[in-house]
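As the structure is a computational prediction, the values presented were derived from the model and not from experiment. Below, each value reflects all heavy atoms present in this structure, side chains not excepted, and no hydrogens, waters or symmetry copies.
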Amino acid sequence: MVEQTTDLRVEMTAPQIVTCAHHWQIETPNGETSHGVCRHCGAQKEFPNAAEDGLWERNVPQSRWTGRSEWKPSESGY
């Protein structure tokens, strides 16, 4: 009787995570949020329809991009 041996090797690999560079198609604003669906993978997400940073609620006019108050001419016009 001949004895046979088998060399069995199993390689373990990390699970591959597939990521999507989402391309959102968002519904027309109607209410607090709008529903969006990714055109590539079908992922779904709710998007707020208002600025979350209080941009619209400021009492003092301020430039969103520079953080400085907007320029207003003085009474003399300059």
Engineer: For the NE2 atom of H23 and the SG atom of C38, what is their distance to the nearest 0.5 Å?
Structural biologist: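 Interatomic distance, H23 NE2 to C38 SG, rounded to 0.5 Å: 8.5 Å.
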
Engineer: When Ile, Leu, Val, Met, Phe, Trp and Tyr are grouped by side-chain heavy atoms lying under 4.5 Å apart, directly or through other members, which residues fall in the same group as I26?
Structural biologist: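 Its cluster partners, ordered by chain and number, are W24, F47.
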
Engineer: Specify the closest pair of heavy atoms between H40 and C20, including all atoms of both residues, with the distance to one decimal.
Structural biologist: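 Heavy atoms only, the tightest pair is CB-SG, 3.7 Å.
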
Engineer: Does the N49 side chain pair with the main chain of G31, one donor and one acceptor, at a distance under 3.5 Å?
Structural biologist: yes

Engineer: Excluding sequence neighbours, so at least two apart, what forms side chain to side chain donor-acceptor pair (under 3.5 Å) with E46?
Structural biologist: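 Side chain to side chain donor-acceptor pair (under 3.5 Å) list for E46, sorted by chain: T33, H35.
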
Engineer: Please list, chain by chain and in numerical order, all residues satisfying side chain to side chain contact (heavy atoms under 4.5 Å, CB included) with E32, sequence neighbours excluded.
Structural biologist: none

